[in-house]
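Reading through the structure tokens given below for one structure.
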Amino acid sequence: MATAPSSLHLLHQDFLCPKYPRLYHNSQFGTPRLRRRPTGTAHPPSRFPSFAIRASSVVTLPPEWKSSTEESESSGVELLACPVCYEPLIRKGPLGLNLQAIYRSAFKCKKCDKSYSSKDIYLDLTVIAGLKEYVEVKPAGTELFRSPLVSFLYERGWRQNFNRSGFPGLDEEFKMAQDYFKSAEGGVLLDVSCGSGLFSRKFAKSGTYSGVVALDFSENMLRQCYDFLKKDPTLLATNLALVRADVSRLPFPSGSVGAVHAGAALHCWPSPSNAIAEISRILRTGGIFVGTTFLRYTSSTPWILRPLRERALQNYSYLTEEEIEDLCTSSGLINYSSKVQQSFIMFSAQKP
């Protein structure tokens, strides 16, 4: 087996000329492995070299968050759920789906007695939250976006280069998504694999939804999202929560969310089928799922080029239009529609 190129070389190559965001060639999207942490190691060993960029590594909380002591007890139905048993969590702290309320609250599952930490600026609702002895190793494509460097660069050139593959630009993508979400106005919107929150912030600032949850598996992406939020005081006051979670194990009760957005994400998921099945589970009746991704090829791609693209992208989760529709309908979603431009696709489906 050929030796994989260094991560620095791949990052440099993709940042300068990415038609598609590269995932390592030796990556196989399969079942995550558990690796025992070396004795005496306080933190999991880094899979990336150290970089000088630290913009997303430090969380600075507003002074009023630290000094406030007001608390309330919530015994009602909580939107956030345990990722193990999907039971609504018990919250001790102020009510609200916003940064301040989440930070000052404690969460626990009554059924499996597991507690979830909100000590960081985001709430960690992964199954592996709180593990001490084991480190779960995700596929290289997932681990790549946990890098501080990639998190820092994501809105500083990385995402903008998607335009070369047909992505229409952030403002137009947001407008297109909002058109699909008309029937979900006034409810809660979940932005899965939100990255640095570039669309989460737009959804929250629009005032269209009662709450927005920015969700990602990458700790550094969520910290970078908060760094951007701090620059706009109006966003800090909105109902926007930051949650760390796995898209294949979403921490929400079944039928609880009205809208789910996944921007340029599906091709990065270890199992698109599991992820879309989870999205279908948490959507309420009439709820809308909207996603964008890169296509492996389109109906206009000459047949002679298709085998070449198949071989070139065989280790990635780039799908065809037909495969995406098949995944949505097989997960119980209806009213599928899509818009395609070059390798870009925006698709939508609804929970019956």
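The basis for the numbers below is simple: all heavy atoms, side chains too, and nothing from hydrogens, waters or symmetry mates. Fair warning: this is a prediction, and the values are worked out from it, not measured in the lab.
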With sequence neighbours excluded, residues passing salt bridge (Lys or Arg N to Asp or Glu O under 4.0 Å) with Glu173: Arg159
What closest approach, in Å, do Ser118 and Leu123 show between heavy atoms, and which atom pair accounts for it? CB-CD1, 3.7 Å
Distance-only, no hydrogens or angles: does the Arg249 side chain make a donor-acceptor pair with backbone N or O of Val84 under 3.5 Å? yes
Without swapping roles, check the side chain of Asp191 against the backbone of Cys194 for a donor-acceptor pair under 3.5 Å. no
Among the clusters formed by ILVMFWY side chains lying less than 4.5 Å apart, do Leu236 and Leu242 turn up in the same one? yes
Hydrophobic cluster identity match, Phe174 and Met176, side-chain contacts under 4.5 Å: yes
Side-chain donor-acceptor pair present, Ser248, Trp269, cut-off under 3.5 Å: no
Distance col, row Cys225:SG vs Lys230:NZ, nearest 0.5 angstrom, shows 11.5 Å
Is it the case that one hydrophobic cluster holds both Trp158 and Leu170, taking links as side-chain heavy atoms less than 4.5 Å apart, direct or via other members? yes
Kindly compute the distance separating OG (Ser343) from CZ (Phe167), expressed to the nearest 0.5 Å. 9.0 Å
Nearest-0.5 Å distance, NZ of residue Lys339 to CG of residue Asp179: 6.0 Å
Give, for atom CG of Leu295 and atom CZ of Phe347, the distance between the pair rounded to the nearest 0.5 Å. 9.5 Å
Decide whether a cation-pi geometry holds between Arg201 and Phe199; the criteria are a distance under 6.0 Å from NZ or CZ to the six-membered ring centre and an angle within 45° of the ring axis. no
Roughly how far, to the nearest 0.5 Å, is CG of Leu125 from CG of Leu215? 8.5 Å
Could you tell me whether Arg223 sits above the aromatic face of Tyr122, with NZ or CZ closer than 6.0 angstrom to the six-membered ring centre and within 45 degrees of the axis? no
Nearest 0.5 angstrom please: Asn98 CG to Leu240 CG, how far? 9.0 Å
Would a hydrophobic clustering, with Ile, Leu, Val, Met, Phe, Trp and Tyr connected at side-chain separations under 4.5 Å, put Tyr336 with Leu266? yes
When you measure from the side chain of Arg296 to the backbone of Tyr318, do you find a donor-acceptor pair of N or O atoms at a distance under 3.5 Å? yes
Side chains of Asp124 and Thr126, donor plus acceptor under 3.5 Å: yes
Co-membership, hydrophobic cluster, residues Leu235 and Tyr226, 4.5 Å side-chain: yes
When the side chains of residues 272-291 are checked against the rest of the protein, which donor-acceptor pairs come out under 3.5 Å, sequence neighbours left out?
from   : atom 1 : to     : atom 2 : distance (Å)
Ser273 : OG     : Ser271 : OG     : 3.2
Asn274 : ND2    : Ser271 : OG     : 3.4
Glu278 : OE1    : Tyr86  : OH     : 3.3
Glu278 : OE1    : Arg281 : NE     : 2.7
Glu278 : OE2    : Tyr86  : OH     : 3.1
Glu278 : OE2    : Leu250 : N      : 2.7
Glu278 : OE2    : Arg281 : NH2    : 3.2
Ser280 : OG     : Ser331 : O      : 2.7
Arg281 : NH1    : Phe252 : O      : 3.0
Arg281 : NH1    : Ser254 : OG     : 3.1
Arg281 : NH2    : Leu250 : O      : 3.0
Arg281 : NH2    : Phe252 : O      : 3.1

Of all the heavy-atom pairs spanning Ala204 and Thr238, show the shortest one and how long it is. CB-OG1, 3.9 Å
Donor-acceptor pairs under 3.5 angstrom involving side-chain atoms of residues 110-117: please list them, not counting sequence neighbours.
from   : atom 1 : to     : atom 2 : distance (Å)
Asp113 : OD1    : Lys108 : NZ     : 2.9
Lys114 : NZ     : Val127 : O      : 2.5
Lys114 : NZ     : Ala129 : O      : 3.4
Ser117 : OG     : Lys119 : N      : 3.1

Side-chain donor-acceptor pair present, Gln342, Ser165, cut-off under 3.5 Å: no
Which word best sums up how the rings of Tyr154 and Phe162 line up, parallel for under 30°, tilted for 30 to 60°, or perpendicular for over 60°? perpendicular
Between Ser218 and Asn220, is there a side-chain donor-acceptor contact under 3.5 Å, judged purely by atom types and distance? no
